[in-house]
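Here is the structure we will look at.
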Amino acid sequence: QVQLVESGGGLVQTGDSLRLSCTASGRTVSEFAMAWFRQAPGKERDIVAAISRSGTNTYYTNDVKGRFTISRDNAKNTVYLQMDSLRPEDTAVYYCAARLSYGSSSVFSRGDSYAYWGQGTQLTVSS
């Protein structure tokens, strides 16, 4: 069992940058492939970015490529999402997710691949 806690959300303006953090407890995060998802009002929860256990492989949805960067610090049991050039359409609740991964370089983009979820953190981007 692993518990995930997101932090770093807030209200920003178009073009601003923000970094989300996801800190794990209960088990070491190095056992898990990790991801960030987001859910906007009235929409389904979608993948934003994913990262392998080792951090060597990443995945980004097209909407955020070149603007967002996912990274991890296994020593700190934390995964980050650096968000630059934010847009109003990035407004959503952002969720951290984890799944056990036997392969150190495997990346998973499907929500149903993940067994553990945080409570979410709200990001609002004003125009």
Side-chain angles (χ1 to χ4, degrees):
Q1 191 82 348
V2 64
Q3 292 77 44
L4 305 173
V5 178
E6 303 97 335
S7 61
L11 173 63
V12 298
Q13 295 185 333
T14 298
D16 283 353
S17 296
L18 200 67
R19 188 178 76 165
L20 303 181
S21 299
C22 172
T23 301
S25 61
R27 291 182 70 163
T28 176
V29 74
S30 61
E31 299 178 76
F32 297 86
M34 305 291 292
W36 287 95
F37 288 76
R38 66 185 178 187
Q39 187 168 22
K43 296 188 176 181
E44 294 184 350
R45 186 163 56 187
D46 291 326
I47 182 77
V48 176
I51 190 167
S52 61
R53 275 177 51 199
S54 63
T56 54
N57 289 341
T58 57
Y59 168 90
Y60 297 94
T61 190
N62 286 338
D63 289 349
V64 307
K65 282 181 181 177
R67 300 189 299 123
F68 290 12
T69 304
I70 188 170
S71 63
R72 64 192 298 158
D73 186 338
N74 288 343
K76 294 183 178 180
N77 251 20
T78 302
V79 176
Y80 304 99
L81 184 68
Q82 176 66 41
M83 304 181 292
D84 299 320
S85 302
L86 284 163
R87 306 167 180 169
E89 52 265 40
D90 294 320
T91 294
V93 178
Y94 283 72
Y95 297 92
C96 176
R99 62 156 287 163
L100 286 169
S101 176
Y102 297 104
S104 62
S105 59
S106 300
V107 178
F108 305 90
S109 62
R110 291 172 56 97
D112 57 9
S113 299
Y114 290 86
Y116 304 100
W117 294 82
Q119 82 289 348
T121 185
Q122 175 71 46
L123 169 67
T124 303
V125 184
S126 64
S127 57

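The figures that follow rest on heavy atoms only: side chains count, while hydrogens, waters and symmetry mates do not. The shown structure was predicted, so the numbers you read here are calculated from the model rather than taken from an experiment.
- Between the OG atom of S101 and the CD1 atom of I51 there is a distance of 12.0 Å, given to the nearest 0.5 Å.
- The pair R38-D90 counts as a salt bridge, with a side-chain nitrogen and a carboxylate oxygen less than 4.0 angstrom apart.
- No donor-acceptor pair closer than 3.5 Å links the side chain of E6 to the backbone N or O of C22.
- Note: S25 OG to L4 CG = 7.5 Å, rounded to the nearest 0.5 Å.
- Residues V12 and L123 meet the side-chain proximity criterion, which asks for heavy atoms closer than 4.5 Å.
- Counting heavy atoms from C-beta on, the side chains of T14 and P88 come closer than 4.5 Å.
- Side-chain atoms of L100 and R27, non-hydrogen and from C-beta on, do get closer than 4.5 Å to each other.
- A distance of 14.0 Å separates CZ in R87 from OG in S127, rounded to the nearest 0.5 Å.
- Between A49 and L81, the shortest heavy-atom contact is CB-CD1, 4.2 Å.
- Enclosure of atom CD in Q13 is not indicated, since only 12 or fewer non-hydrogen atoms of other residues, nucleotides or ligands lie within 6.0 angstrom.
- Rounded to the nearest 0.5 angstrom, T121 OG1 and Q119 CD are separated by 7.0 Å.
- With hydrophobic clusters built from ILVMFWY side chains whose heavy atoms lie under 4.5 angstrom apart, Y60 shares a cluster with L86.
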Give the intermediate values and the outcome of ring-ring contact (aromatic ring centres under 6.0 Å, His included) for residues F68 and W36. CA-CA 11 Å; F68 290 12; W36 287 95; over 10 Å; no

Working note: T23 + Q3, criterion side-chain contact (heavy atoms from CB on, under 4.5 Å); need CA distance, chi angles, decisive distance, verdict. CA-CA 8 Å; T23 301; Q3 292 77 44; over 6 Å; no

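- In this structure the side chain of N77 reaches within 4.5 angstrom of the side chain of T28, judged on heavy atoms.
- Cluster membership for I47 and F108, using ILVMFWY side-chain heavy atoms within less than 4.5 angstrom, is shared.
- The cluster map of Ile, Leu, Val, Met, Phe, Trp and Tyr, joined by side-chain heavy atoms under 4.5 Å apart, puts Y116 and Y94 in the same cluster.
- Expressed to the nearest 0.5 Å, how far OG of S52 lies from CG of N57 amounts to 4.5 Å.
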Derivation of the side-chain contact (heavy atoms from CB on, under 4.5 Å) call for T78 and V29: CA-CA 7 Å; T78 302; V29 74; over 6 Å; no

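- Under the 4.5 Å side-chain heavy-atom criterion for Ile, Leu, Val, Met, Phe, Trp and Tyr, V5 and M34 are members of distinct hydrophobic clusters.
- Residue pairs meeting the salt bridge (Lys or Arg N to Asp or Glu O under 4.0 Å) criterion with at least one partner in residues 72-81, sequence neighbours excluded, are absent.
- Under a hydrophobic-cluster definition in which Ile, Leu, Val, Met, Phe, Trp and Tyr are linked whenever side-chain heavy atoms come within less than 4.5 Å, directly or via other members, Y95 and V79 are assigned to different clusters.
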Begin from the C-alpha positions of D46 and T61 and carry the test side-chain contact (heavy atoms from CB on, under 4.5 Å) through to its verdict. CA-CA 9 Å; D46 291 326; T61 190; over 6 Å; no

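- With contacts defined as side-chain heavy-atom distances shorter than 4.5 Å, the pair T91/Q122 qualifies.
- No side-chain donor from either of R99 and Y114 sits under 3.5 Å from a side-chain acceptor of the other.
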Could you please spell out the steps behind the side-chain contact (heavy atoms from CB on, under 4.5 Å) verdict for L20 and M83? CA-CA 8 Å; L20 303 181; M83 304 181 292; 3.6 Å; yes

